[in-house]
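Bear in mind the structure is a predicted one, so any value in this text is a computation, not a measurement. In what follows, residues are counted from 1 in the order of the sequence shown.
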Amino acid sequence: MSTQMRVEEQSRQARTAFVLVWVALCVAKLAIAARLPLFVDEAFYWQEGQHLALAYSDLPGLTAWLARLGVALGGNHLWALRLPFLVIGALLPWLLVRMTAREFDARTGWLTGLLVLVLPLAGTLGVLAVPDVPLLLASVLCLDAGARALRRVDVGVVAELALGLVIGGLTHYRFAAVVVVGLLALLLLREGRVALRRPGLWIAIGLGALAWLPLLLWNLDNADAGLRFQLVDRHPWAFGLHGISLGLMQLLPATPVLLFAFAQAGSRGLRDARPAARWLALCGVLLIVAFFVLGFFTDRRRVSFHWTLPGFVALLPLLPAVLAGWARGWRVAAWATVTLGLAAALGYFLLAASPAGRQWAASHDQYPANFAGWNVLDTVVRARLAQLPAGTRILAGDFKIGAELGFARGDANILVLDHPLNRKHGRAPQLALWGLQFDGRMPEGGAPLLLVASPSHAGFPDAQAALVDLCRQLGPLPPPQVLDVDGGGKRFVLYVITRVQPQADCAGG
């Protein structure tokens, strides 16, 4: 067999493997998405989508718009809400295949597509309706447009770059890091500096800048509440050794063996004679290093392992050449560990979707609390409301309960109490804008309030402190109806409130 025939055969094998894995993964993700209870952030994005606006207190508008599109097309169902995100997640590997095949060769393209399918965070993309899905789409579009611009800036490049910049600007504040790194990478490359002299590239950048206008206007109208939350309130901006553990978490999704391949790919790519390889290496390495360093100064209370995903995806087209140079045993180990990582990620979603799985997780200190208990809670709330007078309104103890019950009931206007979680996640200003922050007034006509709260939710040092805060806002509480779900993994309390008498001193609960 000639060398050319051997290369074509290897390319066909890689294409077959990619297509088979892509189809199997799409089916698996759709099945999981149809059963997995809504993550609390997904529920809030649904709620934002029911109150359409150009921007919100926590994010620009695109995630909420996609959530609204999903339920508009398929109804108020889990799979429908997640459908636009699943479609984007299914499209992304093909974009990587196309870009890599164009810049290198067909076999490398198919192998890159296979790698993005099995990389845990990228492979599960779309199961959850979260901003990381359109954010990665925007990053890949900009990455592809940048690689093309190193050769020639034409209408196609301008259009693709503008589209990526607009999607990113409408998705998340964090996309600013992608923009800065992309510009820096272009400036560091001779071909990039030539491209920046072309007016077309600046037209695309200008169009992308307009996408930030809704966010800017929202902040101007709301005392910079969103900017303060994203850039000031949630970050200490003081050096802390916690950055070591955060940095390790950011590297973990790459899986241990493949992490060495990423390091080699970045190092070789920076020295590669091909402009496209240097572009990919610069974008990937700069993003990963930037977020690693930021970890020493930024948010210590939330996970950030997903921040570096665009950086790892930028390096993926360089990985097949690295793996080809490894001994067979190490190649098998790399593919095996990353596949096990994907299986573990999908397995976690399956566990969170199963009551038996959640009970097991609760007994092993791995309880998926943000997915848990919502269907059972909705059933109990419906039964309790049936026993109460007409006009009774639900009062949620925090935004999580309000959004989750809202999705289950198709009601995006459930009242919410003041709670530390509302402020921690930047949702308090948005609730106030919607008029859903409880102001102490009872429903008209003398109907009671059905307070639904959870002492299991973070924000207070213990359950007693949570009860004291409820008393402070509402006054003495009647005996509660207690709901334990998943074998005690999570607890909800339901109170029928007939009178609101805020108390200054609630030390006794």
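No side-chain donor-acceptor contact under 3.5 Å links K29 to the backbone of G126. Formation of a donor-acceptor pair under 3.5 Å by the Q430 side chain with backbone atoms of D58 is not found in this model. The main-chain N or O of A273 is found under 3.5 Å from a side-chain atom of R278 such that the two form a donor-acceptor pair. Proximity of a side-chain donor or acceptor of D41 to a complementary backbone N or O of V130 within less than 3.5 Å is not detected. Listed for the T124 side chain is a donor-acceptor partner under 3.5 Å among the backbone atoms of P120. Side-chain N or O atoms of Q47 include one that pairs as donor or acceptor with a backbone N or O of A412 at under 3.5 Å. W218 contributes no side-chain N or O that, together with a main-chain N or O of L54, makes up a donor-acceptor pair within less than 3.5 Å.
For D398 and R423, the salt-bridge test fails: no basic side-chain N is under 4.0 Å from an acidic carboxylate O. D411 has no carboxylate O lying under 4.0 Å from a charged side-chain N of R393, or vice versa, which leaves the two without a salt bridge. D439 has a carboxylate O that lies under 4.0 Å from a charged side-chain N of R441, or vice versa, which qualifies the two as a salt bridge.
Among all heavy-atom pairs drawn from A129 and L81, the shortest one is CB-O, 4.2 Å. A33 and V127 get closest at one heavy-atom pair: CB-O, 4.1 Å. When every heavy atom of H172 is checked against every heavy atom of L59, the shortest pair comes out as CD2-CD2, 3.2 Å. Taking all atoms of both residues into account, the shortest heavy-atom contact from V153 to L201 is CG1-N, 4.0 Å. The two atoms that bring E404 and N370 nearest to each other are OE2-O, 4.2 Å, heavy atoms only. Of all heavy-atom pairs between G169 and P60, the closest is O-CG, 3.6 Å.
Counting only N and O atoms by type, the side chains of H457 and K490 include a donor and acceptor under 3.5 Å apart.
Taken to the nearest 0.5 Å, the CG atom of L421 stands 5.0 Å off from the NZ atom of K400. Separating the CG atom in L286 from the CG atom in L184 is a distance of 5.5 Å, to the nearest 0.5 Å. Here the CG-CG distance, from L417 to N422, works out to 8.5 Å after rounding to the nearest 0.5 Å. The CH2 atom of W212 lies 11.0 Å from the CG atom of N219; values are rounded to the nearest 0.5 Å. Residue Y56 holds its OH atom at 12.0 Å from OH of Y45, rounded to the nearest 0.5 Å. Of the inter-residue distances, the one linking L117 atom CG with L92 atom CG reads 10.5 Å to the nearest 0.5 angstrom.
At a threshold of 4.5 Å between non-hydrogen side-chain atoms, the residues W110 and T100 do not count as touching. Under the 4.5 Å side-chain criterion, counting only non-hydrogen atoms from C-beta, L189 is not in contact with P275. Counting only heavy atoms from C-beta outward, the side chains of F85 and L125 never approach each other to under 4.5 Å. Within the 4.5 Å cutoff, the side chain of L395 has no heavy atoms near those of the I414 side chain. Between D418 and R472 there is a side-chain heavy-atom pair separated by less than 4.5 Å. Taking the side chain as every heavy atom from C-beta outward, L95 and D144 never approach each other to under 4.5 Å. Between D132 and R174 there is a side-chain heavy-atom pair separated by less than 4.5 Å. The shortest side-chain heavy-atom distance between L165 and I205 falls under the 4.5 Å cut-off.
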- Message: Walk me through whether L287 and T308 qualify under side-chain contact (heavy atoms from CB on, under 4.5 Å).
- Response: CA-CA 7 Å; L287 265 176; T308 51; over 6 Å; no
- Item | Check against ring pair (Phe, Tyr, Trp, His ring centres under 6.0 Å), F39 and W46 | CA-CA 11 Å; F39 188 72; W46 166 85; over 10 Å; no
- Worked check of side-chain contact (heavy atoms from CB on, under 4.5 Å) between L309 and L119: CA-CA 10 Å; L309 180 59; L119 195 67; 4.2 Å; yes
- Task: Please report the C-alpha distance between W94 and F18 in whole Å, then the side-chain angles of each, then the deciding distance to 0.1 Å, and finally whether the ring pair (Phe, Tyr, Trp, His ring centres under 6.0 Å) criterion is met.
- Result: CA-CA 10 Å; W94 292 95; F18 168 80; 4.9 Å; yes
- Query: Is there a side-chain contact (heavy atoms from CB on, under 4.5 Å) between S57 and N222 once you walk through the steps?
  - Reply: CA-CA 9 Å; S57 66; N222 294 277; over 6 Å; no
- Go through the steps for V140 and L96 under the test side-chain contact (heavy atoms from CB on, under 4.5 Å), then give the verdict. CA-CA 7 Å; V140 170; L96 264 297; 3.6 Å; yes
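Side-chain rings of W434 and F44 approach one another, their centers coming within less than 6.0 Å. Note: F399 and H419 fail the aromatic proximity criterion, with ring centroids not under 6.0 Å apart.
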Which donor-acceptor pairs under 3.5 Å do the side chains of residues 252-271 make with protein atoms, sequence neighbours left out?
{"residue": "Q264", "atom": "OE1", "partner": "W326", "partner atom": "NE1", "Å": "2.8"}
{"residue": "S267", "atom": "OG", "partner": "R271", "partner atom": "NH1", "Å": "2.8"}
{"residue": "R271", "atom": "NH1", "partner": "S267", "partner atom": "O", "Å": "3.1"}

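Between E103 and the options R151, R98, R274, a salt bridge (charged side-chain N to carboxylate O under 4.0 Å, His left out) holds for only R151. Put simply, the residue from F312, F291, F175 that forms a ring-ring contact (aromatic ring centres under 6.0 Å, His included) with W307 is F291. Applying side-chain contact (heavy atoms from CB on, under 4.5 Å) to F371 and the options L128, L351, L38, V40 leaves one that passes, L128.
Looking at residues two or more places apart in sequence or on another chain, you find a side chain to side chain contact (heavy atoms under 4.5 Å, CB included) between L30 and L86.
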